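Inspection log for the structure reproduced underneath, given as structure tokens.
In the text below, chain A, chain B and the rest are named by the order of the sequence lines, each starting its count at 1. Because the structure is a prediction, the values reported are computed rather than measured.
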Amino acid sequence: MSEPANITITLPDGSTKDVAAGTTVGDFVKTSIGPGLAKAALFAKYDGAEVDLTHKMDRSGTLAIFTPKQPEGLDLARHDAAHIVASAVQKLFPGTQVTIGPTTEDGFYYDFARDKPFTPDDLEAIEKAANEEIKKDLPFTRKEVSKEEALELFGKLGEKFKLEIIEDIFAKGAKSLSLYTHGEWVDFCLGPHGPSTGRVGVIKLLSVAGAYWRGDHRNAQLQRIYGTAFFTQKDLDAWMNQQEEARKRDHRKLGKELDLFAFHPAAPGAVFWTANGTMLFTTLQYAMRRMCLANGYVEIKTPLLFNKMLWEKSGHWGKYRENMFLILDPEADPNLPEEERASFSLKPMNCPSHHLFYEMKRRSYRELPLRLHTQDVLHRNEATGVLSGLTRVRQFQQDDAHIYLMESQIAEEVAKLTKLIAKVYDAFGLAFTAKFATRPEKKIGDDSLWDRAEAALEAALKSTGLPYELKPGDGAFYGPKIDFDVADSIGRKWQLGTIQLDYVAPERFGLGYIGSDNSEHRPVVIHRAIYGSFERFIGILIEHFAGAFPVWLAPEQARIVPVAERHTEWAEEVASQLREAGIRVEIDRSQGMLGAMIRDAQLAKVPYTLVVGDKEVAAKAVSPRTRGTGKESDLGLTPFDQFFARIKNEAEVPY
RNA sequence: GCCGCUAUAGCUCAGUGGUAGAGCAGCGGUUUCGUAAACCGCAGGUCGCCCGUUCAAACCGGGCUAGCGGCUCCA
């Protein structure tokens, strides 16, 4: 037998080490780097591919070791955790079928097929059993098998879903399948996995939910168990605390506490805006109107209710009807299906009525781009299960606009739009990401139109230099779109703004304009929204600011707190001067203790609490206090004129 | 729409088959106060709705409605 040849391993710092071919990653780290790292190591990247520590290195290449210190390490542990949970589930509930169990940003889930649902008690038992598997510190071992071996193994286990996945994997050209075993339990998996179950730390199961096999609602409904894992209990506790903090700024909770909006079972998915909430709404409306006017838009209003002939023309009847509220014709034969009895529908989108508006007149190329802005009320009959607070409702208003332009104007207009969107989001400190979404399955318009629309929109997006993610098949049924996602301060992503390019509607509506050549041309339409909908945007803002709105947006901008009854006269004087300048100010007339009145104002998150007592009356002053605790929020005795100038400035709309 | 969970006073919540409870908010009174909760008292509920089981139901069962966590869908 000949000696194994030496290979050269290059480490991330550029240094190289020679070892015998066939050495495992784990042994290499122990002997050539150090026992400390060997102990901490979870997996490695060998020539760019993720591998187990037991992987035998057979050629020269780069090697990077991952430990719990890297985010990749935690992700691996959560993947290990998913396997451990699945093994615990099958141990406790024989007959349960396993499917898939990927990691997520915050943890992992695993989908199971079982006749009976998992109860909260079951979850507790599973969590306990999973953490016992961790204590046993069972090694993860890897084995490569052929398609036949894999089918036989999982066939014997009766894992129908696994068999389906195995067929798929080999159909896609795989030559073998890797199996991972810990204890008695085996699953196939690309890997890598950590050295043993003990390295996972601690598993916490969070919830159980329904999920469809392969994400298709026509398929079997599985039970998805959500969980997370951390290397230490301390990390888990910290994360749980953070989640608890996040729940405190939930807009549905704050909406009640700050008296911003409400819902009633009589109108599911439709908002009752209180005086405070209405102030948020109308202030945002005002700001958007102002910005639109400054940027070449005109605002129009169109009907809310339209004859179904419009929806047939626009394509909504065919592609969007299930989301539309229909008005049935009382004269129609009651035996007919609903869609045939329908005569009118509430509008779910503004576009068709804008197209009607456009074609009411002869249009000249000199008018283009023609930018029509609308904040009308829309109704969409959303499925009951998707309604959620302000972020998903049935009745809402978009800061909608349709821009009619020549194809040659697309790039410049899209660039302008992305700038506007960035300006608005920046004013709130909202960071956004862009997504480019292409033609969906359910669409109108032929492929050549879509080719042009997608190419034009993507080219315009590219030219802005914004980074973006590609979302194939995610476009609107009438055109490709750029969506703007905003993460709230706790990291959840929401789709707000959108820019959608539409070549189809101008065809369907026969829109035209007279060009400089005195002949008729077809315009292109851009659908766009910046807030998205006022409802969702306000929901995001509530969470983003945790209810502590900037002065210009706050429903109540200042609250005057008289120290004693004799100070109300000056309080009234201050209030009326502020009100005359358009500042929204209230006087606390409860005549309670000063501390209690200040506490009330703080809990209401009013930007300025103005304490007025003997000193303030004498000096024609106020003692403002900003939000927050302790001395630093007390601005001290301030001449009224000075405070007036300050709040007046801060009440200005920033865009 | 699908899977699971939840629904008690304006709000937050306790109450596991035998006459419905607390704190806060509200109302009345006392207190007139200097930077996050004064004190005393009063009132407040067809226990989401309907049907059933039971001598007896907030509590057990079924249905419906709404909400919550997800899935599918979406601004």
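Using a 4.0 Å heavy-atom distance criterion, A/Gly595 is classed as a sugar-phosphate-only contact. Within 4.0 Å of A/Glu616, counting heavy atoms only, lies at least one base atom of the nucleic acid. Heavy atoms of A/Gly389 sit under 4.0 angstrom from primed sugar atoms or phosphate atoms, though from no base atom. Here A/Thr119 lies out of heavy-atom contact (under 4.0 Å) with every strand. Using a 4.0 Å heavy-atom cutoff across all strands shown, A/Asp614 reaches at least one base atom of the nucleic acid. Residue contacts shown for A/Leu603 include a base, since a base heavy atom lies under 4.0 Å away.
A/Arg646 and A/Tyr608 form a side-chain donor-acceptor contact under 3.5 Å, judged by distance and modelled atom types alone. Residues A/Glu543 and A/His251 have side chains that bring a donor and an acceptor to within less than 3.5 angstrom of each other. One side chain, A/Glu159 or A/Gln90, offers a donor N or O that lies under 3.5 Å from an acceptor on the other. When only modelled atom types and interatomic distance are considered, A/Lys162 and A/Thr99 share no side-chain donor-acceptor pair under 3.5 Å. For the 3.5 Å distance criterion, the side chains of A/His527 and A/Asp400 fail to qualify, holding no donor opposite an acceptor.
Comparing the C1' positions of B/rU12 and B/rG70 gives an interatomic distance of 26 Å, to the nearest angstrom. Between B/rG21 and B/rG28, the distance separating the two C1' atoms is 23 Å to the nearest Å. The same atom, C1', is picked in B/rG23 and in B/rG44; the two are 14 Å apart, to the nearest Å. The separation of B/rC3 from B/rA75, taken at their C1' atoms, amounts to 26 Å, rounded to a whole angstrom. Comparing the C1' positions of B/rG4 and B/rU8 gives a spacing of 23 Å, expressed to the nearest Å. To the nearest whole angstrom, the two P atoms, one in B/rU65 and one in B/rC11, are 23 Å apart. The separation of B/rG67 from B/rG48, taken at their C1' atoms, amounts to 11 Å, rounded to a whole angstrom. B/rC68 sits 41 Å from B/rG29 when the P atoms are compared, rounded to a whole Å.
Rounded to an integer number of Å, the gap from CD of A/Glu257 to P of B/rU12 is 8 Å. If you take CG of A/Asp600 and C1' of B/rA25, they are 10 Å apart, rounded to a whole angstrom. Rounded to whole Å, the distance from CG on A/Leu123 to P on B/rG69 is 17 Å. Rounded to an integer number of Å, the gap from CZ of A/Phe118 to P of B/rC5 is 13 Å. Per the geometry, CD belonging to A/Gln243 stands 13 Å off C1' belonging to B/rG69, to the nearest Å. In this structure, A/Asp634 places its CG atom 9 Å from P of B/rU35, rounding to the nearest Å. In this structure, A/Leu387 atom CG and B/rG69 atom P are separated by 12 Å, rounded to whole Å. What separates CZ of A/Arg114 from P of B/rG4 is a distance of 12 Å, to the nearest Å.
Environment of CD in A/Glu257: crowded, with over 12 heavy atoms of neighbouring residues, nucleotides or ligands closer than 6.0 Å. Summarising the local packing, CD of A/Glu632 is surrounded by more than 12 heavy atoms from other residues, nucleotides or ligands at distances under 6.0 Å. Dense packing is recorded around CD of A/Glu572, with more than 12 heavy atoms of other residues, nucleotides or ligands lying under 6.0 Å away. Counting heavy-atom neighbours within 6.0 Å of A/Gln243 CD, excluding the residue itself, gives a total above 12.
Using a distance-only test at 3.5 Å, with no hydrogens or angles considered, no donor-acceptor pair links the side chain of A/Tyr297 to the main chain of A/Thr374. Using a distance-only test at 3.5 Å, with no hydrogens or angles considered, no donor-acceptor pair links the side chain of A/Asp483 to the main chain of A/Leu496. Listed for the A/Gln223 side chain is a donor-acceptor partner under 3.5 Å among the backbone atoms of A/Phe118. Between the A/Ser533 side chain and the A/Arg536 main chain, a donor and an acceptor come within less than 3.5 Å of each other.
Of the candidates A/Phe261, A/Trp273, A/Tyr286, A/Phe272, A/Phe281 forms a ring-ring contact (aromatic ring centres under 6.0 Å, His included) with just one, namely A/Trp273.
Note on A/Lys256: a side-chain N or O is less than 4.0 Å away from OP1 or OP2 of B/rU12. For the pair A/Arg218 and B/rG1, the criterion of a side-chain N or O lying under 4.0 Å from OP1 or OP2 is not met.
Comparing A/Pro624 and A/Gly269 against RNA chain B, the residue whose closest nucleotide sits nearer the 5' end is A/Pro624. With the nearest nucleotide of RNA chain B identified for both A/Gly613 and A/Val208, A/Gly613 has the one nearer the 5' end.
In secondary-structure terms, RNA chain B builds stems of at least 3 consecutive Watson-Crick or G-U pairs, each pair having both distances under 3.5 Å, at B:1-7 with B:65-71, B:10-13 with B:21-24, B:26-30 with B:38-42, B:48-52 with B:60-64.
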Footprint string (nucleotides 70-75 of chain B, 5' to 3'): B base within contact, S backbone only, - free, heavy atoms under 4.0 Å: BBBBBB
Report, one pair per line, the protein and nucleotides 31-33 of chain B atoms (nitrogen or oxygen only) whose separation is under 3.5 Å.
| residue | atom | partner | partner atom | Å |
| --- | --- | --- | --- | --- |
| B/rU32 | O2 | A/Glu565 | N | 3.3 |
| B/rU32 | O4 | A/Gln591 | OE1 | 3.0 |
| B/rC33 | OP2 | A/Arg566 | NH1 | 3.3 |
| B/rC33 | N4 | A/Gln591 | O | 2.8 |

